[in-house]
Amino acid sequence: TLWPTMPPIVAAQEKLLGDLAELMPHTAAAASADRELLRAATREASAAQPLIVHDLSEMRRTALAQLAARYGDEPSSVDEVMRRFVLARSDVASFLYDDTTRSLGLLRAAGLRLGALTNGNTDVSLHGQVAQLFDLPNGFAVTAAAAGATKPNPPPFWMAAAAAGCPPSECVHVGDSVEADLRGALAAG
């Protein structure tokens, strides 16, 4: 884990509220009156479409589309709101732990290929300062959405290993969850 989880999420959610006010004003007004509206809509989307629960962006997009329809906002605004949200959510450079850049530099200097593997919707390729920490564009950044499953399930780990060009037994995965990261990586080989 290279940055704390919650601060970038909170920053992206604050940006989302501003973008909703600009692009989906009716939904924004309803969300302002009911602070649980966005969370409830996301829960409803995941319950109604269990096959997308591994894809946080698609769950949010589905929820926003339903809210746009319910409150009379332009449906095409949802894509722009989501584009901006993912861009903001991926802007983690100011949240990196102090030793992240140096540590990853040392690992790369030792000849290791570095990639990102997340259950979330951070796209490490979207911001230069973060992208340069990984072996992109020829390296890898695997999301649960791309893998079709979340950690601790094996597919994300297998996809990362394949992208790294080696068997899972030659990979090292570092994360912040004993269940999702440690046990998941061990179960994937």
For the residue pair [X] and [Y], what are the closest heavy atoms and their distance?
X      : Y      : value
Pro4   : Phe95  : CD-O, 3.1 Å
Lys151 : Leu117 : NZ-O, 3.6 Å
Leu87  : His127 : O-NE2, 2.9 Å

Run the salt-bridge test on [X] and [Y] with the 4.0 Å N-O cut-off and return the result as yes or no.
X      : Y      : answer
Arg70  : Glu44  : yes
Lys15  : Asp19  : yes
Arg108 : Asp135 : yes
Arg84  : Glu22  : yes
Arg89  : Asp123 : no

Do other residues, nucleotides or ligands put more than 12 heavy atoms under 6.0 Å from Asp99 CG? yes
Any side-chain heavy atom of Phe85 within less than 4.5 Å of one from Leu64? no
Val124 versus Leu133: any side-chain heavy-atom pair under 4.5 Å? no
Can you tell me if Asp79 uses its side chain to pair, donor with acceptor, with the backbone of Ser76 under 3.5 Å? no
